[in-house]
Protein chains: 2
Amino acid sequence: MKICTTYACHKFFATLANPTRLAIVEILMDSPKNVAQIAQVLQQEQSMVSHNLKPLMECAFVFSEKKGRKRVYSVNKELIEPLFHLIAFHESKYCPNGKTCLTRRGIKLERMREAQKTLYVNHE
Amino acid sequence: MKICTTYACHKFFATLANPTRLAIVEILMDSPKNVAQIAQVLQQEQSMVSHNLKPLMECAFVFSEKKGRKRVYSVNKELIEPLFHLIAFHESKYCPNGKTCLTRRGIKLERMREAQKTLYVNHE
DNA sequence: ATTTCATATGAATAAGATTTCATGTGAGGC
DNA sequence: GCCTCACATGAAATCTTATTCATATGAAAT
């Protein structure tokens, strides 16, 4: 059964393997927002938000709708909710304090740029 | 609720956002194997397999056990099975023929090295 | 029709990840 | 105890991805 060795599957994970895009997903979990609103919450440039919304759209992680001049983005809860519940369960089992899985790659976390650091929540 | 803006979550996706690692996961879905066996099925170097097994281990996507001289790797089915069912459902809904979500990034697929291309299954 | 607001796109650069090849490690067998 | 098999690790080179800044598009308001 070939389910994971497809480009679509790779793209699925690659799209979510980015702090900016994860943050956008999280922000939209709260409520639908337009690009400027997302940028404001994230404290990031508008163009960066647009760039990152694109792959999220292509993978149907988010949807969008025009409302007057603005384009309102919303999250695909049908996918995102069960997905993140699965991850939450996995994490609770295998990295209970959020430290275990950071150990080996702690250095990379250090090297992360300031802008990205603020996107992450500190587990401790 | 901060579930996805954690480094652990980023690492979760980043680890699976790689064709070699996805292929390893798929190969191990079939049956547990040692490093040399994985390398043989994948037609890749042993060191590459080892390098890629490491993050898979750290994220508990795979487990390992020593058997004599060899180290046998197996997949964490409790996670991988529901995860890929979720993705399969999502894909069936939003990229039914495997083409939709390739359209915009088709060029990148072209640019992929030969070694990686063979890891992907052609949807069409 | 023109201006302006909201978002999208392009291209260059910067940053990060993957692969490769060489070498290290360590447990098993002899 | 030594050798060797099986695997892991390190570091450089290469390839990929993300971000930035400038500019384009396009629809709504005037």
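Here the structure is a predicted model, which is why all the values come from computation and not from measurement. Just so we're on the same page: letters track the sequence lines, and every chain starts at 1.
Nucleotide D:dA18 holds its P atom 11 Å from the CG atom of A:L56, rounded to whole Å. The distance between atom NZ of B:K54 and atom P of C:dT20, rounded to the nearest whole Å, is 18 Å. One interatomic measurement links the two molecules: CG of B:L53 to C1' of C:dT19, which rounds to 15 Å at whole-angstrom precision. Atom C1' of nucleotide D:dC5 and atom CZ of B:R71 are separated by 15 Å, given to the nearest angstrom. The CZ-C1' distance, from B:F13 to C:dA17, rounds to 18 Å in whole Å. Nucleotide D:dT9 holds its C1' atom 13 Å from the CD atom of B:E58, rounded to whole Å. Rounded to an integer number of Å, the gap from B:K70 NZ to D:dC5 P is 12 Å. Summarising the geometry, the separation between NZ on B:K11 and P on C:dG16 is reported as 16 Å, rounded to the nearest angstrom.
For A:E45, there are no salt bridge (Lys or Arg N to Asp or Glu O under 4.0 Å) partners two or more places apart in sequence or in a different chain. Every residue two or more places apart in sequence or in another chain that forms a side chain to side chain donor-acceptor pair (under 3.5 Å) with B:Q46 is listed here: B:S50. Residues passing the ring pair (Phe, Tyr, Trp, His ring centres under 6.0 Å) test with A:H90 are A:Y94, B:F12, B:F61, sequence neighbours excluded. Taking the ring pair (Phe, Tyr, Trp, His ring centres under 6.0 Å) definition, one finds that B:Y73 meets it with nothing, sequence neighbours left out.
Proximity of A:N34 to the phosphate of C:dC5: no side-chain N or O atom is located under 4.0 Å from OP1 or OP2. Within the structure, every side-chain polar atom (N or O) of B:N52 is placed at least 4.0 Å from both OP1 and OP2 of C:dA17. Side-chain N/O atoms of B:R21 include one lying less than 4.0 angstrom from OP1 or OP2 on C:dT18.
Mapping B:Q37 and A:A17 onto DNA chain D by nearest heavy atom places B:Q37 closer to the 5' end of the strand.
Residue A:K11 comes nearest to A:E58 through the heavy atom pair NZ-OE1, 2.8 Å, listed as atom of the first residue, atom of the second, then distance.
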Side-chain donor-acceptor pairs under 3.5 Å in residues 30-42 of chain A, sequence neighbours left out?
residue: A:S31; atom: OG; partner: A:K33; partner atom: NZ; Å: 2.8
residue: A:K33; atom: NZ; partner: A:I27; partner atom: O; Å: 3.3
residue: A:K33; atom: NZ; partner: A:S31; partner atom: O; Å: 3.0
residue: A:N34; atom: OD1; partner: A:A36; partner atom: N; Å: 3.1
residue: A:N34; atom: OD1; partner: A:Q37; partner atom: N; Å: 2.9
residue: A:Q37; atom: OE1; partner: A:N34; partner atom: N; Å: 3.0

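Between the side chain of A:R21 and the backbone N or O of A:L16 there is no donor-acceptor pair closer than 3.5 Å.
Nucleotide C:dT3 forms a Watson-Crick or G-U wobble pair with D:dA28, both donor-acceptor distances falling under 3.5 Å.
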Problem set entry | Letter per nucleotide, 5' to 3', of nucleotides 21-27 of chain D [B base touched, S only sugar-phosphate touched, - untouched; heavy atoms, 4.0 Å] | BB----S
